[in-house]
4 protein chains.
Amino acid sequence: MTPRIDPEERREEILDAVLRCFARTGYNGTSMDDVVEESGLSKGTLYWHFKNKRELFMAAFDRVMNQMVEPFMQMFEADVPVVERLRLFEQSSKILVSAEQELSTMPLNFLLEIWQDEEFSQHYLDVLGEFANSTREMIREGIENGELREVDVDGVTWGIMALYDGIFLYHLTGFPMKSANVFEVMTNVLIEGLVRRDDK
Amino acid sequence: MTPRIDPEERREEILDAVLRCFARTGYNGTSMDDVVEESGLSKGTLYWHFKNKRELFMAAFDRVMNQMVEPFMQMFEADVPVVERLRLFEQSSKILVSAEQELSTMPLNFLLEIWQDEEFSQHYLDVLGEFANSTREMIREGIENGELREVDVDGVTWGIMALYDGIFLYHLTGFPMKSANVFEVMTNVLIEGLVRRDDK
Amino acid sequence: MTPRIDPEERREEILDAVLRCFARTGYNGTSMDDVVEESGLSKGTLYWHFKNKRELFMAAFDRVMNQMVEPFMQMFEADVPVVERLRLFEQSSKILVSAEQELSTMPLNFLLEIWQDEEFSQHYLDVLGEFANSTREMIREGIENGELREVDVDGVTWGIMALYDGIFLYHLTGFPMKSANVFEVMTNVLIEGLVRRDDK
Amino acid sequence: MTPRIDPEERREEILDAVLRCFARTGYNGTSMDDVVEESGLSKGTLYWHFKNKRELFMAAFDRVMNQMVEPFMQMFEADVPVVERLRLFEQSSKILVSAEQELSTMPLNFLLEIWQDEEFSQHYLDVLGEFANSTREMIREGIENGELREVDVDGVTWGIMALYDGIFLYHLTGFPMKSANVFEVMTNVLIEGLVRRDDK
DNA sequence: CATGAATGAGGTTTCATTCAT
DNA sequence: GATGAATGAAACCTCATTCAT
């Protein structure tokens, strides 16, 4: 038998294996047997720690999502002008792109493979919704203190998120582009397109 | 049994059914039996007209993709200033969003469900690559004739595409936003962020 | 491939195999793989003809049940005094006992293995209910024409059925008794216990 | 963790849980995990007290069987005419029917769920065999002292048992009949069918 | 005595694909 | 061209049993 270890540790061990599998072949492309092989554990053990395949992958998703969202969340609380905070988006995004494959590949891949799954979809919306709230607040603040033009707050909020997620998606798809560069250039365009211009 | 009809017509009939299935349940969620039921044809017939499931869905994808890309392609050739052409992006995008569900749901959904499929992935890259070329040319033209700032052409090119695809993705995901509004606002931000400012 | 045969014939072929398996090891003791082996067909074929294991066994049950109930049903319509008809129970029962193993083993075995299955249970109740109706009618007729004592019709009806099913059950359980003899003796006791006695 | 308690007490505790599980879902429908949950004990504890699932359920069966057989056994020893003793069958049977669900559901259900189990089958036969012996003795006595007709002793013995078990089975199956009434009526029919009539 | 994580064989079901008719 | 029965590998999941702690 495998030597007994802390259940929580075992869970993490399993999630590690899941992430590796998923990065390689995605949700539908990964069988529980694949996870068995990758983890070196038995099928029964997987099902002892997780109810079923979906729960397993949702747990993996959560872990990655939290890791990825964190730098952005910190950014929202930086005590600098809104424009500077926007510029931090660039850095946070670059982190994602440079992060280890298995981490970065997960989230969108995940989102889209489970496209049809109602419950999962809702869960994802919740996470992103929170993110949207923070962004919205930041934009509003920027407008109020005169840093930004008087744009439609909600439109810009979702637009910014879509922009960065879009670039990230393209990155993951393997398009022949320099991802870090695209993040940089577009962050600049975004800021230029949002700042208030006194001369007008 | 079934009266013989023109093979080309039969193919279209099948693709129609495939698209309906796909819009409902995606690639992995659609079995060949589902297509059989939806089309009212037999399994053998499907396999007579298409080599296998992948070919079948790739054909369906191509048909939709062409339909969706067309308005954008026309836009590239409009005989108006670059800035105006950029503004046309907004309109073309809105068409997508308002199009019939089954058409609009396809492409990203598709792309991501077959994520792992080497051959398909390449195919998709080719289509998008062509699109990128047109965009790149347009940006270059804008810079050369002084309409736009001197930005990194390649970065902006992929950035623009990522932005619109990103919004489209969010739209499909069902985020609680006014998609048409987001397209409009972000097109504006994009242009404001790209145009040359004489006063500088 | 197996040469193509009539679907109806194939269904019967499968049911034959199922009955053989079931007679040997019961419902829970029979795996679909067992049926595969016994039938010489593939698993896919089983599932092509029957939705799932339960449907498969329910179909098998129906076939046997009909075969077994038939002689009794004919008996109900015999144009002889009620007492004579009751005596025919004995003969019909003996047929069951002497019938080929696979036929006779089925029904109770069936009933009891699927004990918990709501839908199946109802189905069985329906079949037996019909049987009860015929019995009840017969008893009533016997009382009215003075052949039988004035007993509680419903109680006797279910009692008779329980008696014969009970003996049949004991037979199947393999108790060390001469089943045919028990049927004979008890039929006699039953009739003696039911007939009207003028001298009273 | 759990305070040590008397092993015998612990066994009873487990059997109680088993019986509750069994009454709900039967042998095959009850997993050891179900028993774990129902008992509030651990898997290891169950296996410490019982060799395996079969032993566990056999022990539960024995306990119930003894409880159920007891009133009948007492009846055999009643110091009254055989006909009166037969009439006591009715009362004993009614007890079964009115007993708590979990107790009454067991025996036949049990018998038939483990139908295929050689060892268990034998065990059951032994218990019933003993019962048969007592019945046989009673019938023989009745014939000898002139209370009963000269019937085939063995046939009647098994017939009586089959009758009561049959009614009990029907009761458990949930047939739409008044069980107590059926017991009453059939006991009467049985006695009427067995008693010697001087007028002959 | 007690625990509960670990095991892995075996269960049911799905589904892309083939091919005799 | 068209049909649909047949195939069988592979998917997800269950569960009786073991054993280190």
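Order of the sequence lines fixes the chain letters, A, B, ..., with proteins taken first and strands second; residue numbering starts at 1 for each chain.
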Nearest-Å distance for atom pair [atom1]/[atom2], residues [X] and [N]:
{"X": "B:E8", "N": "F:dG1", "atom1": "CD", "atom2": "P", "answer": "11 Å"}
{"X": "D:R11", "N": "E:dC1", "atom1": "CZ", "atom2": "C1'", "answer": "15 Å"}
{"X": "A:D6", "N": "F:dA20", "atom1": "CG", "atom2": "C1'", "answer": "15 Å"}
{"X": "C:R10", "N": "E:dA20", "atom1": "CZ", "atom2": "C1'", "answer": "13 Å"}
{"X": "B:F50", "N": "E:dT18", "atom1": "CZ", "atom2": "P", "answer": "16 Å"}
{"X": "A:E9", "N": "E:dG4", "atom1": "CD", "atom2": "C1'", "answer": "17 Å"}

task: Could you please spell out the steps behind the side chain to side chain contact (heavy atoms under 4.5 Å, CB included) verdict for D:M58 and D:F50?
output: CA-CA 10 Å; D:M58 262 170 80; D:F50 297 91; over 6 Å; no
task: Could you walk me through whether D:R10 and D:W48 pass the side chain to side chain contact (heavy atoms under 4.5 Å, CB included) test, one step at a time?
output: CA-CA 11 Å; D:R10 180 57 34 105; D:W48 197 89; over 6 Å; no
For [X], what residues pass the side-chain contact (heavy atoms from CB on, under 4.5 Å) criterion, not counting sequence neighbours?
{"X": "C:D33", "value": "C:S31, C:K43"}
{"X": "B:E37", "value": "none"}
{"X": "A:E12", "value": "A:E8, A:L15, A:R63"}
{"X": "D:T30", "value": "D:C21, D:T25, D:D34, D:V35, D:F57"}

- request: Would you give a per-nucleotide map of nucleotides 8-14 of chain E, 5' to 3', where B means the base has a protein non-hydrogen atom under 4.0 Å away, S means only the sugar-phosphate does, and - means neither?
  value: B-BSBBB
- prompt: Can you name the closest pair of heavy atoms from C:R11 and C:A59 and give their distance?
  reply: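 That closest heavy-atom pairing would be NH2-CB, 4.2 Å.
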query: So which one's nearest nucleotide on DNA chain E is more toward 5', A:H49 or D:H49?
result: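 Its nearest nucleotide being more 5', the pick is D:H49.
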query: Going by heavy atoms in the side chains, are B:V36 and B:L41 under 4.5 Å from each other?
result: no
task: Give a yes/no verdict on a cation-pi contact between B:K53 and B:Y47, requiring under 6.0 Å between NZ or CZ and the six-membered ring centre and an angle within 45° of the axis.
output: no
- prompt: Taking both distances under 3.5 Å as the test for a Watson-Crick or G-U pair, what stems of at least three pairs does DNA chain F have?
  reply: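 Stems found: E:2-21 with F:2-21.
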- request: Please measure how far the P atom in E:dC1 lies from the corresponding atom in F:dT21, and state the result in whole Å.
  value: 23 Å
